[in-house]
Amino acid sequence: MNLAISAVQYVEEIKNGNISVEEFVTKTLERIENVEKNLHAYISVNKNALEEAKQIDKKIKSKEKVGSLLGMPISIKDNICVKGMKTTCASKLLEDFVAPYDATTISRLKSEGAIVMGKTNLDEFAMGLTTEFSYFGPSRNPWNTSYVPGGSSGGSAVSVSANECIASLGSDTGGSVRNPASFCSVVGLKPTYGLVSRYGLVSYANSMEQIGPITKTVEDTAFLLNTISGFDPFDNTTIESERIDYRKNLDAGVEGKRIGVVSEMTGEGLDSAVAKASRRAISKFQELGAECTEISLDFVKYAVATYYVIAVTEAGSNLARYDNIRYGFDFDVEGYEFNAYIKKVRKNFGPELTRRMILGAFTPSAGYAGKYFLKALNVKNKIRSQVKQAFKKVDFLIAPTVPVLPFKLGEKIDDPLALYLLDINTIIANLSGIPAISVPYEIVNGLPVGIQLFADSMQERALLQAAYAIEQTTNLPGVPM
Ligand code: GLN
């Protein structure tokens with residue numbers, strides 16, 4: 001059986017009765033069993049998956065309603081709550097935490113008949129871009145297991161790329177869906193802020209993050225977006241808007257569309273292989289009839305600093321609740337005075353989390369807030385208006401998703417600043433709330449390179465059309481394992 005099929009193909013196969021859900025899930029579980037020792041995409045696997053598959057088969061047989069996903073195996077980043085399953089955030093602090101409810105995205109997937117295959121690995125609380133900062137150990141890139149898979153939704157991207165599920169949900173605060181999608185040669189979308197509910201997503205920097213699909217094809221992303229998007233009374237940042245079928249007219253093409261090539265993201269600092277791939281993608285768009293012009297967003301140079309000040313400040317406040325009293329690991333409060341107790345508990349955060357919590361206590365503190373946090377918010381507004389201005393001139397912006405090729409495990413783990421700088425091409429979307437997608441574009445020396453497109457807020461349909469257009473010009477091999 002071919003486990004490498006897309007979500008769209010899966011649905012066809014089930015509908016035509018070529019395979020049963022039980023068969024597909026059984027094979028997927030076998031695949032997981034075989035490759036996990038090398039990849040470590042999952043933190044936990046759903047023990048009821050096979051039972052759920054049988055139930056769905058039964059419903060299909062008796063012509064009951066099963067929803068559009070027909071038992072599709074989907075993996076979920078382990079910072080999104082799935083009722084009855086552990087939600088660890090790859091942290092010792094939540095090692096044994098079992099979610100008492102489903103995130104809205106999960107209840108929507110389930111009501112369309114998806115099967116949650118398991119919870120995927122991430123950098124602790126989604127802070128990082130290599131998945132090396134997981135309490136449970138790193139995930140590995142299926143294209144070359146000595147390399148990082150990107151992050152923080154690394155486990156999600158690995159599981160899709162290595163055919164351990166059909167599709168996945170990740171979260172993207174500064175690039176965490178798009179970065180691993182690019183490193184693992186799969187598609188990753190960060191939707192417009194407010195298009196997808198964050199209810200049931202463990203907050204890291206809630207003013208910037210969105211849950212987004214990671215899939216094998218652009219059409220699959222449209223398919224999942226149809227299911228998970230839309231207003232949610234449980235998340236008051238979601239936008240009330242008319243329902244769109246993102247799969248419709250996907251092949252509209254880019255003839256006459258204007259694409260801005262962001263100078264600050266395509267020049268200095270790019271690996272030459274990445275620069276070449278991005279130039280080739282741009283000429284491809286021209287061949288397809290788009291008009292590509294260079295565009296400067298000079299505030300990009302402040303983006304990394306701005307993003308990190310805001311991200312650590314929000315994290316400092318969001319993570320204050322992990323005091324190991326309401327939930328946590330086995331450690332007795334007895335005999336400690338409050339500060340000594342918290343100090344002891346916080347020692348269980350990993351090094352990256354510790355760094356960010358210290359920074360996040362400082363940036364909004366009395367006497368410094370104006371200098372750091374409030375200033376960052378001002379710059380964020382400037383970046384946003386510059387990006388909005390750009391969309392008066394162009395329909396899309398383009399840049400490589402990550403400035404470098406995937407690198408070796410351990411190579412940058414001791415250099416946090418070097419890692420932060422690699423977010424340069426993705427964070428603009430989070431700072432300005434706009435949607436962005438990473439599409440697999442080339443394989444260079446066995447390593448994937450993704451190309452990224454941005455559109456104005458709520459322009460997902462057009463964005464997916466452009467992504468689909470470029471995807472159709474590629475013919476990339478599947479994962480070599
Ligand atoms: N690398 C970025 C960070 O560490 C982005 C992470 C994310 O999008 N969750 O904050």
Side-chain angles (χ1 to χ4, degrees), residues 76-80 89-91 120-134 138-139 148-157 168-184 188-191 193 196 198 201-214 303-319 349-360 363 376 380 401-404 406-407 412-413 415-438 450 452 454:
I76 306 293
K77 186 178 186 179
D78 208 15
N79 62 349
I80 301 172
C89 293
S91 180
T120 53
N121 201 13
L122 63 153
D123 291 292
E124 189 173 7
F125 284 98
M127 298 178 197
L129 87 162
T130 61
T131 319
E132 290 170 294
F133 295 124
S134 163
S139 298
V148 298
S152 65
S153 318
S156 284
S168 189
L169 291 187
S171 67
D172 189 311
T173 310
S176 279
V177 159
R178 291 161 286 155
N179 173 299
S182 172
F183 274 15
C184 294
L189 171 76
K190 196 292 278 185
Y193 188 76
V196 175
R198 287 180 294 108
L201 165 70
V202 177
S203 289
Y204 153 25
N206 46 294
S207 76
M208 299 189 281
E209 61 212 3
Q210 278 288 287
I211 291 175
I214 296 182
V304 173
T306 306
Y307 167 82
Y308 274 94
V309 170
I310 296 172
V312 297
T313 310
E314 291 187 18
S317 142
N318 279 323
L319 271 60
F349 280 162
E352 183 58 25
L353 216 68
T354 305
R355 197 152 35 231
R356 297 203 191 189
M357 293 300 277
I358 293 170
L359 281 170
T363 45
K380 179 187 175 189
T401 312
V402 195
V404 298
F407 44 90
K412 298 190 200 293
I413 198 165
D415 193 349
L417 211 52
L419 287 173
Y420 300 168
L421 289 171
L422 295 181
D423 289 325
I424 178 81
N425 284 10
T426 46
I427 49 184
I428 288 298
N430 308 80
L431 286 165
S432 51
I434 60 170
I437 189 166
S438 178
Q452 185 183 210
F454 305 83

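First listed ligand is number 1; within each ligand, the first listed atom is number 1.
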Requested in this report: For Asp78, check salt bridge (Lys or Arg N to Asp or Glu O under 4.0 Å) against everything at least two apart and list the hits.
Outcome: Lys119
Query raised in the report: Between Glu209 and Thr173, is any side-chain donor less than 3.5 angstrom from a side-chain acceptor?
Result: yes
Query raised in the report: Who passes salt bridge (Lys or Arg N to Asp or Glu O under 4.0 Å) against Glu314, sequence neighbours left out?
Result: none
Report task. Would you mind telling me which of Ser171, Ser176, Ser153 makes a side-chain hydrogen bond (donor to acceptor under 3.5 Å, both in side chains) with Asn79? Result -> Ser171
Query raised in the report: Can you name the ring pair (Phe, Tyr, Trp, His ring centres under 6.0 Å) partners of Phe349, sequence neighbours left out?
Result: none
Find all protein N or O atoms under 3.5 angstrom from an N or O atom of ligand 1 and list the pairs with distances, or write 'none'.
residue, atom, partner, partner atom, Å
ligand 1, 1 (N), Gly128, O, 3.2
ligand 1, 1 (N), Asp423, OD1, 3.1
ligand 1, 1 (N), Asp423, OD2, 3.0
ligand 1, 4 (O), Gly128, N, 2.9
ligand 1, 4 (O), Tyr308, OH, 3.4
ligand 1, 4 (O), Arg356, NH1, 3.2
ligand 1, 4 (O), Arg356, NH2, 2.7
ligand 1, 8 (O), Thr173, N, 2.8
ligand 1, 8 (O), Gly174, N, 2.6
ligand 1, 8 (O), Gly175, N, 3.3
ligand 1, 8 (O), Ser176, N, 3.0
ligand 1, 8 (O), Ser176, OG, 2.7
ligand 1, 9 (N), Ala126, O, 2.8
ligand 1, 9 (N), Thr173, OG1, 3.3
ligand 1, 9 (N), Ser176, OG, 2.7
ligand 1, 10 (O), Tyr204, OH, 2.5
ligand 1, 10 (O), Tyr307, OH, 2.7
ligand 1, 10 (O), Arg356, NH1, 3.0

Query raised in the report: Quick one: are Thr131 and Pro138 in side-chain contact, heavy atoms under 4.5 Å?
Result: no
